Amino acid sequence: MTEIWAHARGEGAPIANLLSSYEQAVLEAPDGLELDVHRTRDGHLVCAHDPVLYDEAGKAWDIGALDYAELSHYVDPRTTGPEGRVSRLDEVYELLRPTGMRLNIEAKNLERRYPMMAETIAASVAASGMADRIVVSAFHHRLLLDLRTHAPGLALAALYADGLIRPWDYLAGIDIQEVHPHFTSLRDKQTVVGLLEAGITIRAWTVNDSALWYELAKLGVHAIITDFPVSARAAIGRQGELLSAQRS
C-alpha cells in the first residue's frame with residue numbers, strides 16, 4: 001500500500017518547518033515526515049527550507065555563517081515568540097522516536113556546500129536512536145556517495161526534478177536504491193514501470209493534486225509526499241473502496 005508522508009508539516013499546521021509543524025504531523029500520524037536540513041557554522045543540523053532566513057525587520061540570517069546560539073534568536077516573521085525559532089534536528093528525533101513514523105532528512109547541500117555535511121549527518125543519525133527509520137535524500141548526489149562512506153547501511157534517496165532518461169540506469173550507476181522524483185517526472189508510466197522493475201523505491205514529491213494521489217498509488221509508487229497527508233490518505237482509501245465495490 002502506498003505510504004503517505006507529510007511535507008515539513010501536518011495538514012493542520014499553517015506554517016512549515018517549525019517544531020509545532022512537526023508536532024501537528026505527529027498528531028495526524030502519517031507514515032513519515034519529510035523535512036529540510038542545513039548546517040550551522042558550529043555543526044548543528046537545523047530545520048529550514050532556505051539557507052538564508054529573513055526576520056520581520058528584513059534582516060538576513062545566513063544559517064551557515066552563524067553558530068546555533070546566534071541563530072536561536074531568529075523568529076519567523078509569520079509567528080511571535082519562541083514558536084517561530086529554528087528547531088534543531090535532534091529535537092525532531094525526540095518528537096518522532098516514540099512513534100512509528102519514519103523520517104526523511106533532505107540535506108540542503110546543493111545551493112550552498114556546507115563543510116563536513118556528510119560527517120555531520122552520519123553522526124547525527126547514528127545518535128538519533130531511530131536510524132533504521134531514517135532516509136536521507138539530496139539533490140546533491142555526490143553527498144549521498146559521501147554518506148555511504150561515513151554511514152554504511154544508511155538509507156539514501158536521490159532527489160531529482162527533471163525527467164531523466166532511464167533513471168534506473170543512472171541510479172544503478174551510483175548504486176542508489178531509492179529515488180524521490182518530482183511527481184511530474186512520473187507522468188510517463190514507463191518511467192514508473194522501469195523504476196519498479198529495477199527494484200527502486202519511489203517516493204514522489206510534492207503531490208498536492210488530489211486527482212494524482214490515487215493515480216500514483218495505483219501505479220505502485222511506494223510513497224507520496226504531500227502538504228495534505230490526512231486528505232491524501234482519505235482520498236486513496238475512498239478510491240480503493242470504490243474500486244473494490246465495482247469489482248464485487
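Just so it is clear, the structure is predicted and the values come from calculations on it, not from any experiment. Sequential numbering from 1 along the given sequence is applied to the chain's residues.
- In this structure, the separation between CD1 on I176 and CG on L171 is 7.5 Å, given to the nearest 0.5 Å.
- Within the 4.5 Å cutoff, side-chain heavy atoms of I4 are placed close to those of I236.
- The closest donor-acceptor contact from the side chain of S21 to the backbone of I15 lies under 3.5 Å.
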Query raised in the report: What do the steps show when you test L216 against V207 for side-chain contact (heavy atoms from CB on, under 4.5 Å), and what is the final call?
Result: CA-CA 9 Å; L216 290 171; V207 190; 3.9 Å; yes
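- L196 and L212 end up in the same hydrophobic cluster when Ile, Leu, Val, Met, Phe, Trp and Tyr side chains are linked at under 4.5 Å.
- Y93 has its side chain within reach of I134: a pair of non-hydrogen atoms, C-beta onward, lies under 4.5 Å apart.
- Of the possible donor and acceptor atoms, one in the side chain of S128 sits under 3.5 Å from a partner among the backbone N and O of V125.
- A distance-only check finds no donor-acceptor pair linking the side chain of D90 to the backbone of S124 [under 3.5 Å].
- Taken to the nearest 0.5 Å, the CZ atom of F183 stands 15.5 Å off from the CD1 atom of I202.
- With R133 contributing its side chain and M101 its backbone, the two residues share a donor-acceptor pair below 3.5 Å.
- In this structure, L159 is not a member of the same hydrophobic cluster as V221, with clusters built from ILVMFWY side-chain heavy atoms closer than 4.5 Å.
- Linking Ile, Leu, Val, Met, Phe, Trp and Tyr whenever their side-chain heavy atoms come within less than 4.5 Å puts L145 and M117 in one cluster.
- Side-chain atoms of N208 never come within 3.5 Å of backbone atoms of T226 as a donor-acceptor pair (strictly under, hydrogens ignored).
- If you take CD1 on I224 and CZ on R203, they are separated by 12.5 Å, rounding to the nearest 0.5 Å.
- The heavy-atom pair separating V75 from G81 by the smallest distance is CG1-O, 3.7 Å.
- Closest heavy-atom contact between V86 and C47: CG1-O, 3.7 Å.
- Here the closest non-hydrogen pair linking T184 and A161 is OG1-O, 4.3 Å.
- Rounding to the nearest 0.5 Å places CG of L154 at 11.0 Å from CG of D132.
- Put simply, CH2 on W205 and CG on N104 are 11.5 Å apart, with the number rounded to the nearest 0.5 Å.
- Proximity of R85 to S72: side-chain heavy atoms (C-beta onward) are nowhere separated by under 4.5 Å.
- Looking at P167 and V179, their side chains never come closer than 4.5 Å, going by heavy atoms from C-beta outward.
- Between D50 atom CG and D62 atom CG the span is 11.5 Å, to the nearest 0.5 Å.
- Other residues, nucleotides and ligands place more than 12 heavy atoms under 6.0 Å from the CD atom of E91.
- Heavy-atom neighbours of E111 CD from other residues, nucleotides or ligands within 6.0 Å: at or below the threshold of 12.
- Between the side chain of E106 and the backbone N or O of E34, no donor-acceptor pair lies under 3.5 Å.
- Ring geometry for Y74 versus W61: interplanar angle over 60°, hence perpendicular rather than tilted (30 to 60°).
- Of the possible donor and acceptor atoms, none in the side chain of S231 sits under 3.5 Å from a partner among the backbone N and O of F228.
- The environment of D175 atom CG is dense: over 12 non-hydrogen atoms of other residues, nucleotides or ligands sit within 6.0 angstrom.
- More than 12 heavy atoms of other residues, nucleotides or ligands shown are found within 6.0 angstrom of CZ on R97.
- In this structure the side chain of E197 never reaches within 4.5 angstrom of the side chain of W168, judged on heavy atoms.
- Side chains of L35 and N17 form a contact here, defined as non-hydrogen atoms less than 4.5 Å apart.
- Cluster membership check: L45 shares its hydrophobic cluster with V136, using side-chain heavy-atom separations under 4.5 Å among Ile, Leu, Val, Met, Phe, Trp and Tyr.
- Under a 4.0 Å N-O distance rule, the pair E11/R233 does not qualify as a salt bridge.
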Requested in this report: Under the side-chain hydrogen bond (donor to acceptor under 3.5 Å, both in side chains) rule, what do H140 and N109 come out as? Steps first, then yes or no, please.
Outcome: CA-CA 6 Å; H140 184 204; N109 200 53; 3.2 Å; yes
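- Here the rule is side-chain hydrogen bond (donor to acceptor under 3.5 Å, both in side chains) with Y114, and of R39, H38, R41 only H38 fits it.
- Contact of the L95 side chain with the E23 side chain is registered, since non-hydrogen atoms from C-beta on lie closer than 4.5 Å.
- Counting only heavy atoms from C-beta outward, the side chains of Y170 and Y160 never approach each other to under 4.5 Å.
- Side chain of D67 to backbone of A69: no donor-acceptor contact under 3.5 angstrom is found.
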